[in-house]
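Here the structure is a predicted model, which is why all the values come from computation and not from measurement.
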Amino acid sequence: GEPNITDITESSFIISIGAVDDTSGVGTYEYFVNGISKATLEVGTWKAEGLSPSQTYDVYVKVYDNAGHYKESIHKPVTTKGKLLKPNVTVTGTQRNGYYVGTVTVNIADTAGGTETRTTRLKYTLNGVENTINATSGSFTITADGTHNVTAWAEDNAGSKSDTFVVPTFTKDSTAPNVATIGKVGTTGNNSYYKSNVTVTITPGIDGTSGIYGIRYKVTGATTVAEKDVATTSSITLTISAEGTSTVTAYTIDKAGNISSVATAEIKKDATKPSKASLSVGTATEATIPVTASGADATSGIASYKFEYKLSTASSWSTAATKTSTSTSYSYTYTGLTEGKTYNLRVTVTDKAGNAYTGSSVNGTTKTSGIIPTPTSDIGKYVNYKPTSGSYTASSSYSGHSSNQSFSTETSLKWRIWNVDSTTLYLISDQPTTTTLTLTGSLGYNNGVTLLDNICNSCYKNSSYSGITVKNLKIEDVTEITT
């Protein structure tokens with residue numbers, strides 16, 4: 001008879017044959033493949049295994065009875081099925097610089113196609129974890145960042161497996177790197193200002209997936225640097241030298257092209273002293289001198305005014321007050337001064353960065369107290385009377401002397417109250433002058449009193465007071481006051 005062949009696969013098939021012997025009975029079945037005995041059994045079914053795909057084999061069976069006689073079946077050619085085709089795998093998604101930067105879709109499909117396919121299911125691994133698609137095509141998505149490995153193969157109902165499709169390893173990076181850091185080094189002043197050039201260091205943040213490509217930065221404001229990208233995994237430095245406010249912005253860029261959030265640093269530089277510090281003096285009183293200070297600073301602006309003073313005869317300065325003000329003009333009054341004294345006054349202007357500039361000094365003189373009549377009980381007391389400096393020349397044509405004689409104010413004289421009446425305060429010097437007027441002949445005799453009065457009025461009168469008369473003390477004056 002003819003053997004029956006079933007369940008043909010890539011590597012196996014089943015041989016079945018029926019036989020009858022009416023004398024001694026059927027004994028054994030010997031199965032042959034390509035002329036080679038493969039098995040001898042007491043049953044008429046055997047599975048040939050370990051075969052190659054797409055190969056034709058010559059199959060027949062010898063059937064033996066119990067008396068040792070046999071009969072050979074018809075030879076039958078059997079062709080194993082071809083090898084199961086591996087599926088096709090495609091990976092799609094947005095790429096940048098060779099990295100996926102969004103959701104990744106993996107598509108798997110049987111390649112046989114049509115009604116001839118033997119594939120009943122597809123299997124794949126994602127990073128070593130096996131999964132099954134019970135269809136001839138399917139897909140899955142990858143949302144996690146990182147490096148991914150995908151393999152896929154096809155299977156049929158007989159358990160045959162295709163070769164494995166290995167997808168080249170790929171990386172997905174949709175996450176921005178960490179923000180860059182900006183460091184600043186320079187000589188610091190007040191109010192966050194720098195008083196020197198500033199060295200700025202920009203360091204990229206870290207990125208755990210694709211890695212760091214570099215830094216993007218720009219500088220605006222007083223110093224200007226156009227936006228640029230620098231490929232580096234370490235720091236870069238730049239110098240801010242312009243006075244004023246500069247702003248540095250920086251980003252970290254990873255190899256996938258993702259950009260971090262912005263890092264910003266403000267650099268305020270003012271290394272220049274204020275350009276102006278001057279005083280104008282107002283009208284003084286006996287104990288005060290008002291002034292108006294003027295200041296100017298082109299960069300950070302004015303922060304304060306320091307007012308100093310000293311007597312014109314002194315060497316060291318004293319601070320009267322320091323006033324906080326951002327105005328370019330400030331009014332201040334020196335107080336507690338001594339009347340009739342000349343003071344040196346100056347102002348120091350400090351800007352917001354802490355730079356200070358001291359202007360040239362100016363002079364201010366306190367007013368001398370007015371002479372006010374007092375009761376006769378004050379007779380003999382000293383008063384603060386100061387003559388206006390003056391001079392006088394006594395001509396020889398009036399004095400009879402051989403030459404002209406010059407006289408000037410003697411500042412060492414002190415003044416006391418001699419008499420007070422209802423309208424007049426009389427003062428007298430506490431000592432005579434040290435200069436001498438020489439009078440000669442009739443000219444001297446006739447003009448002596450007038451010359452002495454002229455000397456006194458020219459050298460010892462204070463022009464600040466109206467109605468004042470200064471004259472030489474005569475015996476008639478003494479008689480008038482004492483009688």
Side chains of [Y] and [X]: any donor to acceptor distance under 3.5 Å?
X      : Y      : answer
Ser396 : Ser399 : no
Lys255 : Asn97  : no
Thr393 : Asn404 : no
Ser327 : Ser329 : no
Asp110 : Thr136 : no
Ser408 : Ser391 : no
Asp207 : Asn178 : no
Thr335 : Thr333 : no
Tyr382 : Asp430 : yes

| query | How would you list, by chain and number, every residue that makes a ring-ring contact (aromatic ring centres under 6.0 Å, His included) with Tyr213, sequence neighbours excluded? | reply |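 Residues passing ring-ring contact (aromatic ring centres under 6.0 Å, His included) with Tyr213: none at all.
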
| By salt bridge (Lys or Arg N to Asp or Glu O under 4.0 Å), which residues pair with Lys172, not counting sequence neighbours? |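 Salt bridge (Lys or Arg N to Asp or Glu O under 4.0 Å) list for Lys172, sorted by chain: Asp145.
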
List the atom of [X], the atom of [Y], and the distance in Å for their closest heavy-atom pair.
X      : Y      : result
Ala180 : Ala250 : CB-CB, 4.4 Å
Pro87  : Ile108 : CB-CG2, 3.9 Å
Leu126 : Asn131 : N-ND2, 4.4 Å
Ala321 : Lys323 : CB-CE, 3.9 Å
Ala353 : Ser300 : N-OG, 3.5 Å
Thr328 : Ile302 : CA-CD1, 3.8 Å

Is there a side-chain contact between [X] and [Y] (heavy atoms, below 4.5 Å)?
X      : Y      : value
Asn419 : Ile417 : no
Pro387 : Asn462 : no
Val200 : Ile240 : yes
Asp229 : Ile215 : no
Ile236 : Thr201 : no

Using the ring of each side chain (for Trp, its six-membered ring), is [X] parallel, tilted or perpendicular to [Y], with breaks at 30° and 60°?
X      : Y      : answer
His148 : Phe170 : tilted
Trp415 : Tyr385 : perpendicular
Tyr330 : Tyr305 : parallel

Any donor-acceptor N/O pair, [X] side chain to [Y] backbone, under 3.5 Å:
X      : Y      : result
Ser174 : Val101 : yes
Thr366 : Gly340 : yes
Lys184 : Glu266 : yes
Thr409 : Thr411 : no
Asn88  : Ala109 : no
Ser312 : Thr342 : yes

| field | side-chain hydrogen bond (donor to acceptor under 3.5 Å, both in side chains) assessment of Thr147 paired with Thr171 | value | CA-CA 4 Å; Thr147 299; Thr171 300; 3.2 Å; yes

| task | Check whether the ring centres of Phe307 and Tyr332 lie less than 6.0 Å apart, and answer yes or no. | result |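 When the ring centroids of Phe307 and Tyr332 are compared, they turn out to be within the sub-6.0 Å range.
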
| message | Ring centroids only, cut at 6.0 angstrom: are Phe140 and Tyr124 within range, meaning strictly under it? | response |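 Centroid separation for Phe140 and Tyr124: below 6.0 Å.
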
| task | Under the side-chain hydrogen bond (donor to acceptor under 3.5 Å, both in side chains) rule, what do Ser241 and Thr239 come out as? Steps first, then yes or no, please. | result | CA-CA 6 Å; Ser241 57; Thr239 300; over 6 Å; no

Report the distance from atom [atom1] of [X] to atom [atom2] of [Y], rounding to the nearest 0.5 Å.
X      : Y      : atom1 : atom2 : result
Tyr357 : Thr350 : OH    : OG1   : 13.0 Å
Asn190 : Asp270 : CG    : CG    : 10.5 Å
Thr326 : Asp351 : OG1   : CG    : 12.5 Å

| Taking the six-membered ring of Tyr193, is the NZ or CZ of Lys268 close enough (under 6.0 Å from the centre) and on axis enough (within 45°)? |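 Yes, a cation-pi geometry.
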
Does a side-chain N-to-carboxylate-O contact under 4.0 Å join [X] and [Y]?
X      : Y      : answer
Glu339 : Lys367 : no
Lys273 : Asp297 : no
Glu308 : Arg346 : yes

| Partners of Glu155 by side-chain hydrogen bond (donor to acceptor under 3.5 Å, both in side chains), sequence neighbours excluded? |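 For Glu155 the side-chain hydrogen bond (donor to acceptor under 3.5 Å, both in side chains) partners, ignoring immediate neighbours, are Arg121, Trp153.
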
